[in-house]
Structure formats: structure tokens, C-alpha cells
Asks: 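Got a structure for you, written out below as C-alpha cells; questions coming shortly.
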Amino acid sequence: MGTLDQDGKILVGKSDKPEYLTLALGNRHGLITGATGTGKTVTLQVLAEGFSRAGVPVFAADIKGDLSGVAARGEAKPALVDRAKQMGYDYAPDQFPVVFWDLFGEQGHPIRATVHDLGPLLLSRMLDLNDVQEGVINIAFKVMDEADGTADGVAADLLDLANLRELLAHLGQNAKDIGTRYGNVAPATIGAVQRQLLVIENQGGDKFFGLPDLDISDFMAVDDRGRGRINILAADKLMQSPRLYATFLLWLIAELFERLPEVGDLDKPKLVFFFDEAHLLFNEAPKALLDRIEQVVRLIRSKGVGVYFVTQNPLDVPDTVLAQLGNRVQHALRAFTPRDQKAVRSAAETFRPNPKLDTAQVITELGKGEALVSFLEGNGTPSMVDRAMIRPPAARIGPLTPEERKAIIASSPVRGRYEKVSPHRPLTDILTNGAAPQDDGDGRPAPRGGAGREGSGAPPEQPGIGSRILGGIGAFLSHPAVRQFGRSVAAVVARTATQEALKRMGMSPSSRRSYARSGKSRTYGLLDEDTTSATAAVERGLFGTPQRSSTRR
């Protein structure tokens with residue numbers, strides 16, 4: 001019998017020859033696709049085990065809980081033993097070093113980031129904000145950078161959603177001053193963002209923000225046997241909040257990109273990252289975000305990181321990203337609908353043709369545990385597609401019991417490092433720049449400058465009756481409620497005048513609505529459109545996250 005792996009290669013399956021994934025090309029990314037129940041999770045486990053044996057750390061999201069079994073020793077069941085013999089080796093049960101993570105801290109160690117680390121682009125994606133609301137978030141980040149005395153986008157005080165609420169309230173209270181610098185900020189827009197924050201909080205997203213934040217080096221470790229640590233994210237509950245799930249994974253890969261140094265091509269990757277349910281990363285994503293994802297996939301290879309997308313349909317991945325994925329495993333697809341048939345044809349066309357196979361037909365005929373495979377060869381070109389049996393995993397196929405999971409978490413090498421949340425720090429003093437009056441020792445606020453200061457020799461001048469009347473009128477007119485009422489009246493008057501003018505020009509209500517739908521005119525309540533032009537002018541990474549050095553903060 002042959003060996004399971006070769007030097008520098010992972011045995012993934014067997015066609016008429018063994019099918020190996022070359023470790024030196026493991027950072028050229030990959031794709032695992034197939035319909036539900038065709039064996040994608042088993043293939044993911046096979047790859048994770050192979051990378052771990054080779055000393056490569058792995059990160060993977062566990063959507064259904066099945067992947068957790070990689071932490072337990074497998075069983076020599078007859079079906080697994082027979083398949084191993086057909087592939088030319090003896091089945092040997094094994095288990096692998098695993099660390100469990102969970103954004104909610106229930107089935108693993110908590111993972112946290114600060115709001116400022118997430119950045120305005122990913123935060124807006126998580127909150128499902130429109131362009132105008134995203135503009136307000138950009139203004140908020142810029143104001144926070146200024147208040148914290150930095151201009152490099154690394155203010156450490158914007159920690160959690162409570163801090164973000166404080167910051168948005170500060171924007172509302174100082175909208176006039178801030179608007180003159182960065183564009184108008186309407187109360188209605190701030191209110192809309194606040195409501196979206198409430199939605200995220202109700203989904204448990206507030207647990208993702210705060211300190212201590214994740215140290216990426218805890219992912220990139222090996223055990224005492226030299227095996228790469230398999231980091232598993234419990235995502236069964238997280239999948240109920242798809243935007244939070246997708247945003248977290250994008251933030252994590254951005255952290256890897258920003259913190260890891262350039263290493264070029266290595267003998268094996270430094271880390272392999274599996275994106276399960278990858279379609280959630282691209283659903284309704286704006287073009288700016290898709291461009292950033294494509295850029296990450298292209299550039300993170302030089303950091304020694306391999307990215308593998310796992311999804312049901314190859315059409316779920318944009319073509320610009322799909323073109324970067326060199327190692328591919330295609331499980332069965334069902335061609336029951338026109339879209340399914342298109343997916344089968346598209347999947348077949350992405351492989352290097354094999355004259356011995358009708359690729360499109362074979363995709364619909366594959367059985368469970370079979371797949372079409374094509375891995376990059378030594379010169380970096382994909383091998384011809386071939387039909388192969390996927391090798392059986394050495395660890396358990398199926399989930400751990402709750403008791404087994406608890407035991408592994410209790411003995412984890414990072415136990416106690418992330419469980420205790422650092423207390424929330426209010427931003428009041430930072431945002432007001434220390435402008436709050438200080439107590440002068442007798443319980444009264446000390447005067448701030450001008451007449452009446454200690455040593456000036458003159459009492460403060462008292463305003464006359466006329467000044468007090470004018471001051472009272474000014475205070476009344478500057479009251480937020482009065483100002484809001486005035487703006488509302490002005491808006492109604494302007495709208496009425498506009499409608500009358502358009503009517504005289506011969507434009508009907510239907511034509512006006514058609515004109516508005518054309519995109520030539522967009523209004524959002526009382527907010528001017530120039531808000532969207534404001535951006536946080538700081539050095540940020542691919543997803544608007546702060547630029548980092550390769551060292552831990």
C-alpha cells in the first residue's frame with residue numbers, strides 16, 4: 001500500500017491516477033462546489049486534514065456543525081476502509097488539533113473587533129446603508145480621527161456600538177459646524193443609521209465589537225507535533241444573520257492582508273482560509289466592495305494565504321474572482337431548471353477540457369463522494385479535468401457532542417484570553433475636546449476666558465435688557481425643534497412652488513415621477529446630496545480598515 005500523502009503534496013482523491021494538491025501552489029486559491037448533500041463538507045474536511053498534516057494552519061466556518069468532527073478520532077468503518085483500499089492505501093483513523101471560535105461566545109472562544117478596525121465600508125455593508133447614509137458614516141469616522149488627535153485612521157477609542165451611538169449623537173448636536181466642512185448631516189439620516197444599529201444589536205452583532213480584539217497570530221499556530229491548528233468558527237447561529245457573517249469573514253481576510261508581511265511564493269501556505277456559503281459574500285454587494293474582494297484574492301497570495309470558496313453553484317462567484325481560483329473540486333449539480341442547466345455549462349467551461357470526458361454530462365452523473373477535480377500542476381497550469389473518488393477523512397465524519405466540544409474548549413491553548421470583555425469607554429471627553437467647564441473648587445463651574453477670570457481685576461459685565469431680549473429670541477429660534485419646524489415649512493413651500501412651476505411647464509405628475517426614477521434627481525428628506533462626497537481622508541486598507549504593520553498592536 002502507498003502512503004497517504006507525498007512530500008509537498010496532499011492526496012485528495014483518485015481517478016485513473018492519484019489526484020494531488022501541490023502545497024507550493026496551495027496559495028493560488030480554490031473552489032469547491034456542488035449541490036446540497038453531494039459531499040462538499042467532506043471534501044473541505046479532507047483538504048483541512050491534509051493542510052494540517054503538512055503543518056499549515058486552517059480557518060473554516062462550520063455552517064451545520066459537521067466539520068467539528070475533525071477534532072475527534074475517526075472510526076475504521078467498512079465503507080471507509082474499502083474506499084481507502086481502492087485508492088491504494090490503508091485507512092488509519094486520526095484526529096487533529098482544533099480551536100473553536102464563536103462570535104457569540106457560546107460554542108467557542110469569542111472573536112471581537114473594534115468599530116474603528118472594521119472601517120466605514122464594511123460597517124456600511126453590515127448595516128445595509130444606502131449611499132447617503134454611508135456618507136454620514138465616513139464623516140463620523142473622520143470626526144472621530146480628528147477628535148482623537150490622529151489622522152491615520154487608527155483611533156483606538158471607537159470600540160463598540162455604544163461608542164458609535166455616542167459619535168452619531170455628537171454629529172447631530174454639531175451638524176451645522178460639521179456640515180460646513182464635510183457636507184450636510186440631516187437628523188433623519190442619523191436616525192436611519194441608529195435604527196440599523198438596533199437591528200444589528202437585536203441579531204447579537206454587538207457581541208462582535210469591543211476588546212480584547214482578535215490576535216491573528218492565534219490562528220497561525222502549530223501543535224507540538226508540528227501539525228497546523230484547525231480553527232473552526234461555529235456559524236450555525238451566525239448564519240441567521242447573513243450580512244454579519246459575510247462582513248465578519250471579509251473583515252478577517254482584510255486583517256490578514258493588512259497584518260501579514262509579503263513573503264512571495266513559499267513551499268507551503270502560511271494559512272488556508274475556507275469561505276463556506278460563499279454566495280453570501282457577493283449577494284447584493286456594491287461594485288466597490290466586489291472590486292475590493294477581487295483585489296484581495298489577487299494580492300493576498302503574496303502574503304502566503306490561500307483562499308478557498310465553498311458554495312453550491314459556481315455562478316455564485318463573480319467571474320473576476322472565479323478567474324483567480326486555480327484548484328477546483330466540482331461535485332454533482334442537478335440540471336432541473338434553466339438556471340441549473342446554465343450553471344452546469346458554466347462549471348464545465350471553467351475546467352481545462354479532457355478529451356475523454358463530456359464534462360457537462362459527467363457533472364450531472366456524479367455520485368456522492370465523487371467529483372471532477374483539477375489542480376494546478378508544477379508549472380502553475382491547471383491539470384485536465386478528471387472524474388475522481390474523494391478519499392475518506394481520517395477524523396470523524398459528523399459533529400462532536402456538546403460534552404466533547406466543551407472538553408476541547410476547556411483545554412484550548414487560548415483559553416481565558418478572550419472571554420472577559422473590557423469595559424466600555426465613553427467618548428464624551430474626547431469628542432468635546434475637553435471643552436466641558438471645570439469646577440473651580442466651590443461647586444460652581446469656573447469661567448472660561450475673557451472677563452471674570454481670576455486676576456483680571458474686574459467683575460464680569462452684565463448684559464442690558466435689550467441684549468437679554470435679543471438673546472432670548474435667538475435662543476428660541478436656535479432651538480432644534482423650532483429649526484426643524486422651520487425647515488419643514490420651507491420644504492413644503494419649496495415643494496409646492498416647484499410643483500406649480502412644473503405644472504405651468506406642462507409636466508404631469510406621472511412624467512415627474514418617471515424623471516425621478518431615471519436617477520437624475522434623488523432626494524432623501526432634508527439631506528443634501530453633497531453628503532455622499534465626504535470621505536474619511538485617512539490611509540486605510542482594502543476594505544477601509546486601518547493600515548497596519550505586520551506586528552501586533
Side-chain angles (χ1 to χ4, degrees), residues 59-65 67 100-130 133-134 137 140-141 158-165 167-168 192-214 216 219 231-257 273-286 288-290 292-293 296 307 309-311 316 418 421 424 541-546:
F59 175 89
D62 191 8
I63 302 298
K64 298 175 292 184
L67 191 59
F100 290 108
W101 303 88
D102 184 0
L103 258 65
F104 305 107
E106 297 172 357
Q107 301 183 69
H109 305 292
I111 296 181
R112 297 186 196 89
T114 67
V115 171
H116 209 282
D117 283 350
L118 198 67
L121 178 61
L122 290 182
L123 184 63
S124 299
R125 164 71 168 159
M126 177 186 290
L127 298 176
D128 193 20
L129 303 182
N130 62 34
Q133 294 160 355
E134 183 179 348
I137 292 293
F141 273 70
L158 188 54
L159 301 180
D160 51 26
L161 295 188
N163 285 153
L164 184 56
R165 286 192 182 279
L167 181 56
L168 291 172
V193 176
Q194 294 274 28
R195 289 191 294 274
Q196 290 301 103
L197 287 178
L198 181 61
V199 172
I200 289 295
E201 287 177 349
N202 290 339
Q203 295 176 352
D206 57 324
K207 296 181 180 178
F208 173 50
F209 296 103
L211 293 176
D213 56 345
L214 178 68
I216 293 296
F219 278 177
N231 300 275
I232 295 180
L233 174 69
D236 49 348
K237 182 177 178 182
L238 183 60
M239 283 299 297
Q240 299 172 20
S241 308
R243 283 188 181 275
L244 179 60
Y245 171 76
T247 304
F248 161 72
L249 292 181
L250 290 174
W251 165 79
L252 188 55
I253 198 170
E255 286 289 283
L256 291 169
F257 183 86
F273 199 102
F274 289 95
F275 276 101
D276 204 356
E277 298 294 337
H279 65 279
L280 296 175
L281 303 177
F282 309 108
N283 283 355
E284 301 178 359
L289 185 58
L290 292 177
R292 300 292 177 86
I293 296 173
V296 165
V307 180
F309 295 94
V310 184
T311 188
D316 294 336
Y418 297 101
V421 184
H424 164 78
L542 292 176
F543 292 105
T545 53

Asks: Does Ser124 have any side-chain contact (heavy atoms from CB on, under 4.5 Å) partners at least two apart in sequence or in another chain, and if so, which?
Replies: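 Expected list: Leu129, Glu134, Ile137.
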Asks: Between Phe219 and Trp101, is the gap from one ring center to the other below 6.0 Å?
Replies: yes
Asks: For the atom pair OG1 (Thr247) and CG (Leu280), what is the distance rounded to the nearest 0.5 Å?
Replies: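 The OG1 atom of Thr247 sits 10.5 Å away from the CG atom of Leu280.
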Asks: Just how far is it from atom CG of Leu238 to atom CD1 of Ile111, taken to the nearest 0.5 Å?
Replies: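 Going from the CG atom of Leu238 to the CD1 atom of Ile111 covers 9.5 Å.
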Asks: What I'd like to find out is whether the side chain of Leu164 reaches to under 4.5 Å of the side chain of Phe209, using heavy atoms alone.
Replies: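 Answer no - side chains too far apart.
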Asks: Between Gln107 and Asp62, is any side-chain donor less than 3.5 angstrom from a side-chain acceptor?
Replies: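 No.
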Asks: For Leu67 and Ala61, which heavy atoms make the closest approach, and how far apart are they?
Replies: CD2-O, 4.4 Å
Asks: Quick one: sort the Phe309 and Phe282 rings into parallel, tilted or perpendicular, breaks at 30° and 60°.
Replies: tilted
Asks: Checking Leu158 against Thr114 for the side-chain contact (heavy atoms from CB on, under 4.5 Å) test, could you report, in this order, the C-alpha distance in whole Å, the side-chain angles of both residues, the deciding distance, and whether it holds?
Replies: CA-CA 7 Å; Leu158 188 54; Thr114 67; over 6 Å; no
Asks: Working to the nearest 0.5 angstrom, can you tell me the gap between Phe257 CZ and Ile216 CD1?
Replies: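 It comes to 14.0 Å.
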Asks: Using modelled atom types only, decide if a donor and an acceptor are shared between the side chain of Arg112 and the backbone of Tyr418 within a distance under 3.5 Å.
Replies: yes
Asks: Examine distances only and state if a side-chain atom of Asp117 and a backbone atom of Ala113 form a donor-acceptor pair shorter than 3.5 Å.
Replies: no
Asks: Nearest 0.5 Å, what's the CG-CG distance between Leu244 and Leu249?
Replies: 9.5 Å
Asks: For His279, check ring pair (Phe, Tyr, Trp, His ring centres under 6.0 Å) against everything at least two apart and list the hits.
Replies: none
Asks: Out of curiosity, Phe274 CZ to Asp276 CG, how far, rounded to the nearest 0.5 Å?
Replies: 10.0 Å
Asks: Could you check Leu250, Val307, Ile253 and say which one makes a side-chain contact (heavy atoms from CB on, under 4.5 Å) with Ile293?
Replies: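 Only one option passes, and that is Leu250.
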Asks: Return the set of residues passing salt bridge (Lys or Arg N to Asp or Glu O under 4.0 Å) with Arg243 (not counting sequence neighbours), or none when no residue passes.
Replies: Asp128, Glu284
Asks: How about Gln203 and Val199: do any of their side-chain heavy atoms sit closer than 4.5 Å?
Replies: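 Touching, per the 4.5 Å side-chain cut-off.
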Asks: Mind listing the closest non-hydrogen atom pair of Gly108 and Asp102 along with its distance?
Replies: N-CB, 3.6 Å
Asks: Once you round to the nearest 0.5 Å, how far does CG of Leu214 lie from CD of Glu255?
Replies: 7.5 Å
Asks: What I'd like to find out is whether the side chain of Asp206 reaches to under 4.5 Å of the side chain of Asp160, using heavy atoms alone.
Replies: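 No, every pair of side-chain atoms sits at 4.5 Å or beyond.
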Asks: Apply side-chain contact (heavy atoms from CB on, under 4.5 Å) to Val115 and Phe141, showing your working.
Replies: CA-CA 10 Å; Val115 171; Phe141 273 70; 4.1 Å; yes
Asks: Any heavy-atom pair between the side chains of Leu122 and Leu289 that's under 4.5 Å?
Replies: yes
Asks: Using modelled atom types and a 3.5 Å cut-off, is there a donor and acceptor pairing between side-chain atoms of Gln133 and backbone atoms of Val193?
Replies: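 Such a contact is absent between Gln133 side chain and Val193 backbone.
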Asks: Quick one: closest heavy-atom pair of Ile63 and Glu277, and the distance?
Replies: CG1-CG, 3.8 Å
